[in-house]
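Only one structure is covered here, and it is reproduced in the block below.
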Amino acid sequence: MVERAGRVEGKVAIVTGAGSTPGPGIGTGKGSAVVLAREGASVLLVDLHPDRAEATRTMIEDEGGKAEVFGADVTSAADCEAMVAAAVEAFGTVDILVNNVGLASLGTVVDATEEAWDRALNINLRSVFLSSKYAVPVMAAKGAGSIVNISSISAVRGDGTIAYSAAKGGVLAMTADMAYSHGRQGIRVNAIAPGHITTPMVASVSGGGAQADFGNRMRNEAGLLGTPGTGWDVGWAAAFLASDEARWITGVTLPVDSGVLSVTPLLMAQYLRAVR
Ligand SMILES: NC(=O)c1ccc[n+]([C@@H]2O[C@H](COP(=O)([O-])OP(=O)(O)OC[C@H]3O[C@@H](n4cnc5c(N)ncnc54)[C@H](O)[C@@H]3O)[C@@H](O)[C@H]2O)c1
């Protein structure tokens, strides 16, 4: 029998936001961390709420994987520097960084407050800047690394979330810029644009009962497949982009969205009318 190694066997990964908002289902950071561990990586689980990351560690260790928890606020430069140092201390290096932390922010350009704007850009964009700032030199020193930035389809489709969309668009711009700047150092940088996936964070803001059921049905039906997406779907994509199987892929954005970005709203509206 051929012994198969995991896709990221022996590599060291940092996943930011590796906990999950309490509730049913799984967040994209938790999904990414668990899949990377299943595929052979040692994972530093970074979260503002260490108890949430502890739950991820328990899940990984119960499956025989390796992980450590690091409590940090990734909008803080000092915390990001300490986070990278913690990965090096615990596991010897950093091969993979999944910049997953992010938070939705509702409101148009007229009704979003300055505070909401600053908060959204801090959590969704500054976090990617600071985490990468300290991880890239470690990767550059060894001539290899892979960064996966979690953006959103909101980066390229309007949905009334001006600050969130701007920040997630910024993540795509940073992905291209970092891929250019660090390609010759052996570092690949890619983004994932999740669509209307159903995570505990979404469930926590979508009310309950019939209202939540309706919201979930709409989210599912907006995609070409008509099925729900989860944090696992993002985790599987992140593990692929992080792995050497993606060794010639850099600077791209992979939508994980049931085809939402590939269809015109007009055709989707016609389709939905036909199936009602
Ligand atoms: N859920 C969706 O439909 C969807 C769609 C597109 C993109 N995304 C993106 O996926 C990512 C994760 O979303 P999720 O729904 O899994 O969220 P989640 O709330 O389940 O997980 C995010 C984790 O990040 C942690 N966190 C928040 N701020 C932090 C900070 N400053 N420092 C460290 N940790 C922090 C939280 O404690 C939480 O455990 C985000 O970037 C989000 O924008 C989600």
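Just so you know, ligand 1 is whichever comes first in the structure, and atom 1 is the first atom listed for that ligand.
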Distance filter under 4.0 Å to R52 heavy atoms, resulting ligand 1 atoms: 36 (C), 37 (O), 38 (C), 39 (O)
For atom 39 (O) of ligand 1, the protein heavy atom that lies nearest, with its residue and separation: D47 OD2, 2.7 Å
Per-residue contact class, K30 against ligand 1 - non-hydrogen pairs under 4.0 Å: neither
Element-labelled atoms of ligand 1 that are located less than 4.0 Å from some non-hydrogen atom of V202: 1 (N), 2 (C), 3 (O)
Min side-chain heavy-atom separation I192-L241 under 4.5 Å: yes
Closest heavy-atom pair and its distance - L103, Y164: O-CD1, 3.2 Å
Smallest separation among heavy atoms of R52 and S20, with atom names: CD-O, 3.5 Å
Heavy atom of the protein closest to atom 34 (N) of ligand 1 (residue, atom name, distance): L48 N, 3.1 Å
Shortest non-hydrogen contact between V74 and V46, atoms and distance: CG1-CG1, 4.2 Å
Nitrogen or oxygen of G27 less than 3.5 angstrom from that of ligand 1: no
Under 4.0 Å to a heavy atom of S152 - the qualifying atoms of ligand 1, by number: 6 (C), 7 (C)
Best match, T21, I123, D79, T28: closest heavy atom to atom 13 (O) of ligand 1: T28
Closest heavy-atom pair and its distance - F240, A246: O-CB, 3.4 Å
Note, V34 side chain near T56 side chain (heavy atom, < 4.5 Å): yes
Protein contact of atom 15 (O) of ligand 1 - nearest heavy atom, named by residue and atom, plus distance: T199 OG1, 2.7 Å
For atom 2 (C) of ligand 1, closest protein heavy-atom neighbour: I197 CG1, 3.5 Å
Sub-4.5 Å side-chain heavy-atom contact between V35 and E39: yes
Heavy-atom proximity to atom 33 (C) of ligand 1, best of A72, G17, A167: A72
Check: V74 N/O within less than 3.5 Å of ligand 1 N/O: yes
Pair N149, T175: side-chain N/O donor-acceptor within cut-off below 3.5 Å: yes
Heteroatom distance test (N124, ligand 1): nitrogen or oxygen, under 3.5 angstrom: no
Y164, any N or O under 3.5 Å of ligand 1 N or O: yes
N/O separation below 3.5 Å, D73 to ligand 1: yes
Heavy atom of the protein closest to atom 17 (O) of ligand 1 (residue, atom name, distance): M201 CE, 3.5 Å
Atom 21 (O) of ligand 1: nearest protein contact (heavy atom, Å): G19 O, 3.9 Å
Which segment of R119 sits under 4.0 Å of ligand 1 when only heavy atoms are counted: neither
N100 N/O under 3.5 Å from ligand 1 N/O: yes
Side-chain heavy atoms of I60 within contact of K66, under 4.5 Å: no
For G195, atoms of ligand 1 separated by under 4.0 Å from a heavy atom: 3 (O), 5 (C), 6 (C)
Among S151, G25, A53, C80, closest by any non-hydrogen atom to atom 7 (C) of ligand 1: S151
N99 and S132 side chains, donor-acceptor separation under 3.5 Å: yes
contact_flag G231 ligand 1 heavy-atom lt 4.0 Å: no
Atom 27 (C) of ligand 1 [closest protein heavy-atom partner, distance rounded to 0.1 Å]: V101 CG1, 4.2 Å
Euclidean distance, D177 CG relative to H182 NE2, rounded to 0.5 Å: 7.5 Å
Contact (N/O only, under 3.5 Å) between A18 and ligand 1: no
Contact atoms of ligand 1, heavy-atom distance to I150 under 4.0 Å: 9 (C), 10 (O)
Minimum side-chain heavy-atom gap I150-V234 below 4.5 Å: yes
Polar side chain donor-acceptor pair, T16 to N100, under 3.5 angstrom: no
Side-chain donor-acceptor pair present, D233, T230, cut-off under 3.5 Å: yes
Salt bridge D244-R7, side-chain N to carboxylate O under 4.0 Å: no
Distance filter under 4.0 Å to R219 heavy atoms, resulting ligand 1 atoms: 3 (O)
